[in-house]
Amino acid sequence: MSWIREETPPDENTWSERFRKFCANVLKTGPIPKHVAFIMDGNRRFARKKGMDRAEGHLMGFEKLAETLKWCRDLGINEVTVYAFSIENFKRSKEEVESLMEIARQKFTRLLQEKDAIMKHGVCIRVLGNLTLLPLDIQRSIAEAMVMSKDNDKAFLNVCFAYTSRHEISNAVEEMAEGVEKGLIRPSDVSESLLDRCLYTSHSPDPHLLVRTSGEVRLSDFLLWQSSFSVLSFMEVLWPEFSFWHLCAAVLHYQRNHQAIMRARDQHNHEREQALRQADYDSVVAELQQEDPDKTDQLKWASVPSLVRKQETERDRRVQEFLQHLDRKRAKFLDNLVQKSE
Ligand code: FPP
Ligand code: MG
């Protein structure tokens with residue numbers, strides 16, 4: 001089954017579809033979360049309930065993902081991030097891990113066959129996680145899909161695969177440490193906002209809404225850093241039974257809460273910028289104090305604001321170059337995989 005669900009032609013629209021469209025339009029009169037993250041939980045419980053085997057439950061989970069992507073498109077949600085396979089999931093039985101890898105193998109291959117639809121809808125696909133933990137053929141299909149769609153910018157699908165937040169954060173810290181070691185950045189350049197930009201999700205805004213199905217009320221090491229200001233929606237429904245109406249309920253929950261959360265987020269960003277400015281000012285003053293403790297050189301002290309600006313500009317340049325180096329390194333990893341599969 002495919003990743004991209006096409007529109008039903010208007011003359012084939014059923015009453016229920018028309019009603020859904022009407023409700024989507026009503027919902028769209030309010031604020032719509034532009035980025036929604038899903039913890040697609042409950043596939044095995046669903047399989048047990050229906051007397052299916054686990055692999056079938058996961059396949060139904062994939063079907064639900066494809067359906068949900070279409071509903072998100074209809075609602076104007078243009079970025080979706082899903083938790084498809086955690087690093088912790090490698091601890092499941094060999095049989096289950098293999099069946100999940102087989103689904104991934106088939107689905108990522110299928111994604112490449114759907115190139116025309118992906119390009120038509122302008123979908124950029126990113127797979128986030130420690131890809132080196134995956135079988136090489138899956139790594140290659142993933143790399144091909146990412147390279148093929150990297151310039152698309154109408155919609156974004158981030159599939160977290162072999163992912164945990166703690167791995168992502170420690171990886172970002174390692175990248176920054178390596179940057180310092182290589183002299184690309186200084187220890188004082190390390191900051192909350194630089195860490196943001198070293199995460200696998202660096203090219204995405206933080207999720208506005210995070211939905212977890214199956215009644216579990218925890219984040220299970222998913223987007224821990226990025227979800228500080230997300231509206232969280234925990235739902236009882238098992239993922240394969242998730243419906244358009246559950247999505248609407250989650251969006252309504254977002255609409256009720258988004259103002260307070262946005263205010264807190266803006267406040268945090270404002271404070272973060274102020275703290276950075278103050279740190280720049282303090283370090284310039286500390287340097288001058290060392291050079292001229294008695295403040296005899298009036299001219300030098302009068303130039304503090306311009307020295308602070310210079311420090312900011314130089315830091316921005318270093319950070320920019322470091323981030324470009326990081327992007328090139330990640331692109332090279334994918335290109336090498338693509339070349340191996342040719
Ligand atoms: C959680 O349910 C689900 C998973 C661990 C796998 C999710 C995978 C998919 C939906 C397929 C997506 C595939 C691709 C390639 C994107 P669970 O197994 O924890 O079920 P339980 O909570 O009932 O035990
Ligand atoms: Mg589970």
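Every number for a ligand or one of its atoms is a count from 1 in the order of the listing. All values derive from a computational prediction rather than experimental measurement. We use all heavy atoms of the structure for the numbers below, so side chains are in, but hydrogens, waters and symmetry mates are not. Quick note: residue numbers are just sequence positions, from 1.
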Self-check item: Name of whichever N/O/S atom of Asp41 is nearest to the Mg ion (ligand 2)
Solution: OD1
Provide, to 0.1 Å, the distance between [atom] and the closest protein heavy atom, together with that atom's residue and name.
{"atom": "atom 7 (C) of ligand 1", "value": "Ala84 O, 3.4 Å"}
{"atom": "atom 24 (O) of ligand 1", "value": "Arg44 NE, 2.8 Å"}
{"atom": "atom 13 (C) of ligand 1", "value": "Phe62 CD1, 3.9 Å"}
{"atom": "atom 23 (O) of ligand 1", "value": "Arg45 N, 2.8 Å"}
{"atom": "atom 1 (C) of ligand 1", "value": "Met40 O, 3.2 Å"}

Quiz item: Given Asn43, Leu238, Asn89, which one has a non-hydrogen atom that is nearest to atom 5 (C) of ligand 1?
Solution: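 The option holding the nearest heavy atom is Asn89.
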Quiz item: When you measure from atom 17 (P) of ligand 1 to each heavy atom in Ile103, Leu59, Leu100, Asp41, which option holds the nearest one?
Solution: Asp41
Which word best sums up how the rings of [X] and [Y] line up, parallel for under 30°, tilted for 30 to 60°, or perpendicular for over 60°?
{"X": "Phe38", "Y": "Trp239", "result": "tilted"}
{"X": "His208", "Y": "His35", "result": "perpendicular"}
{"X": "His268", "Y": "Phe229", "result": "tilted"}

Quiz item: Which of the numbered atoms in ligand 1 are below 4.0 angstrom from a heavy atom of Arg92?
Solution: 5 (C), 17 (P), 18 (O), 19 (O)
Quiz item: Which atoms of ligand 1 are found less than 4.0 Å from any heavy atom of Gly61?
Solution: 10 (C)
Exercise. Establish, yes or no, whether a centroid distance under 6.0 Å links the rings of Tyr83 and Phe161.
Key: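 Ring-ring flag for Tyr83/Phe161: false, centres at least 6.0 Å apart.
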Quiz item: Less than 4.0 Å between a side-chain N and a carboxylate O, is that true for Lys70 and Glu6?
Solution: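 No, no charged N to carboxylate O under 4.0 Å.
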Quiz item: Among Asn171, Ile87, Asp221, which residue meets the side-chain contact (heavy atoms from CB on, under 4.5 Å) test with Arg166?
Solution: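 Going through the options one by one, the only one that passes is Asp221.
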Quiz prompt | Option among Arg318, His325, Arg317 that satisfies the side-chain contact (heavy atoms from CB on, under 4.5 Å) test with Glu321 | solution =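 Answer after filtering Arg318, His325, Arg317: Arg317.
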Quiz item: Would you say Val80 and Val251 are hydrophobically clustered, going by side-chain heavy atoms of ILVMFWY under 4.5 Å?
Solution: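 In one cluster with Val80: Val251, yes.
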Exercise. Could you tell me whether ligand 1 has any atom less than 4.0 Å away from a heavy atom of Ser214?
Key: no
